[in-house]
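Reviewing the structure listed below.
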Amino acid sequence: MEMNQGLIPRAFKIVPSLLSADFGRLAEEVLALEQAGADWIHLDVMDGNFVPNITFGPRAVEAVRSVTSLPLDTHLMVENPERHIKAFVSAGADLVSVHVEACPHLHRTLQTIRDLGASPGVVLNPSTPLNSLEYVLEEVDLVMIMTVNPGFGGQAFIKGMIPKVRALRKMMEERRCRAELEVDGGLHLGNVREVASAGATVFVSGSGILGTGDYAATIRSMREEISLAGLAGGWDAADRGSSAG
Ligand code: DX5
Ligand code: ZN
């Protein structure tokens, strides 16, 4: 199968999103997710402008940092993200991802994230074409494809994004890009296998994990589903953690 031959990076990561957590018990939820086998923790920062919803800022990231050593995957859904990067890195964010649509000076913003000591990621809304990545692919440790329109948890996965993930995997192989390919929005036990087959390496899931009773069982089953995509043997496990993880 074509997927097994190219330059395919490291192992799969399952990344619960705290957007679906009980905010009144945030520390307990983070610990439960860590014990359940989460690889990273995903933090959705929303400003009420770039997206209609408002969530939390650097103080909450700091609070999460104080209870876990897992990598914190910080997804900035804010206008002018460059104004806030330093605060999030200081709060303990390991990966900081910004939206193409929110960054007129995307290249500089990504370099700023790296200069501050975090791993830069770039995110594309469902309607944003892959060619917007053309001149920044070398700058990032992570590319994130939104498979819902950002703003809320629990939305339905947009099936039309599967060919986009597949095309991105191809583009990354052609460019010999070793960044993670992260997918965010509407992921659950029933579709992670297909998303893995399309070429994703990192699977964000909010309601698909936190909406279930047993986080550990769900994460374990997700790993099994992903391995059934038949790609596990083709991923270079020796590379695990070479960039952000
Ligand atoms: C959507 C956020 C996602 C969200 C995913 O705007 O970026 O990270 O938490 O939630 P689910 O998995 O429930 O779609
Ligand atoms: Zn997110």
Side-chain angles (χ1 to χ4, degrees), residues 9-46 53-78 81 84-98 113-114 116-121 123 140-142 144 150 153-154 179-185 187-189 192 200-223 226 237 239-245:
R10 49 197 92 87
F12 300 106
K13 295 178 180 71
I14 298 190
V15 182
S17 166
L18 292 183
L19 192 59
S20 297
D22 178 348
F23 280 24
R25 302 172 36 251
L26 203 53
E28 283 169 55
E29 292 272 62
V30 172
L31 287 174
L33 291 165
E34 180 168 346
Q35 280 160 14
D39 292 294
W40 300 346
I41 298 290
H42 187 84
L43 296 116
D44 287 305
V45 177
M46 304 186 186
N53 198 1
I54 300 178
T55 54
F56 47 74
R59 287 288 305 281
V61 175
E62 205 178 322
V64 173
R65 175 79 294 159
S66 71
V67 294
T68 183
S69 55
L70 289 180
L72 301 186
D73 178 29
T74 313
H75 177 189
L76 300 185
M77 285 160 277
V78 304
H84 308 287
I85 290 163
K86 198 167 180 196
F88 283 102
V89 175
S90 301
D94 300 277
L95 303 106
V96 177
S97 296
V98 294
I113 295 170
R114 197 177 296 285
L116 288 167
S119 287
V123 194
V140 299
D141 291 339
L142 183 156
M144 197 191 306
E180 300 279 7
L181 199 172
E182 181 166 15
V183 171
D184 184 12
L187 293 187
H188 52 75
L189 208 45
V192 285
T201 56
V202 181
F203 303 80
V204 176
S205 179
S207 52
I209 293 174
L210 287 123
T212 65
D214 186 341
Y215 302 164
T218 304
I219 290 175
R220 202 179 315 118
S221 303
M222 280 185 171
R223 280 195 210 288
I226 291 165
D239 278 348
R240 189 181 165 86
S242 68
S243 62

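Residues: numbered from 1 along the sequence shown. Note: hydrogens, waters and symmetry copies are ignored here, and every other heavy atom, side chains too, is used.
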Calculate, to the nearest 0.5 Å, the distance between atoms [atom1] and [atom2] belonging to [X] and [Y] respectively.
X      : Y      : atom1 : atom2 : value
Asn53  : Met46  : CG    : CE    : 5.5 Å
Ile41  : Arg65  : CD1   : CZ    : 9.5 Å
Ser119 : Leu142 : OG    : CG    : 8.5 Å
Glu180 : Trp40  : CD    : CH2   : 4.5 Å

> What heavy-atom pair brings Val96 and Ala118 nearest, and what distance separates the two atoms?
Replying inline: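 Minimum heavy-atom contact is CG2-CB, 4.1 Å.
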
> Has the side chain of Asp94 got a donor or acceptor atom that lies under 3.5 Å from a matching backbone atom of Leu72?
Replying inline: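 Yes, because the side chain of Asp94 sits within donor-acceptor range (under 3.5 Å) of the backbone of Leu72.
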
> Do NZ/NE/NH1/NH2 and the carboxylate oxygens of Asp39 and Arg223 come within less than 4.0 Å?
Replying inline: yes

> Do NZ/NE/NH1/NH2 and the carboxylate oxygens of Asp73 and Lys13 come within less than 4.0 Å?
Replying inline: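 Salt bridge between Asp73 and Lys13, a charged N being under 4.0 Å from a carboxylate O: no.
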
> Given the rule in the side-chain contact (heavy atoms from CB on, under 4.5 Å) test, do Leu33 and Leu210 qualify, once you have shown the distances and angles that lead to the verdict?
Replying inline: CA-CA 9 Å; Leu33 291 165; Leu210 287 123; 4.1 Å; yes

>> Could you check whether any side-chain heavy atom of Val45 comes within less than 4.5 Å of a side-chain heavy atom of His75, counting everything from C-beta outward?
In response: no

> Do Asp44 and Thr55 have a side chain donor and acceptor closer than 3.5 Å?
Replying inline: no

> Is there a donor-acceptor contact under 3.5 Å linking the side chains of Gln35 and Tyr215?
Replying inline: no

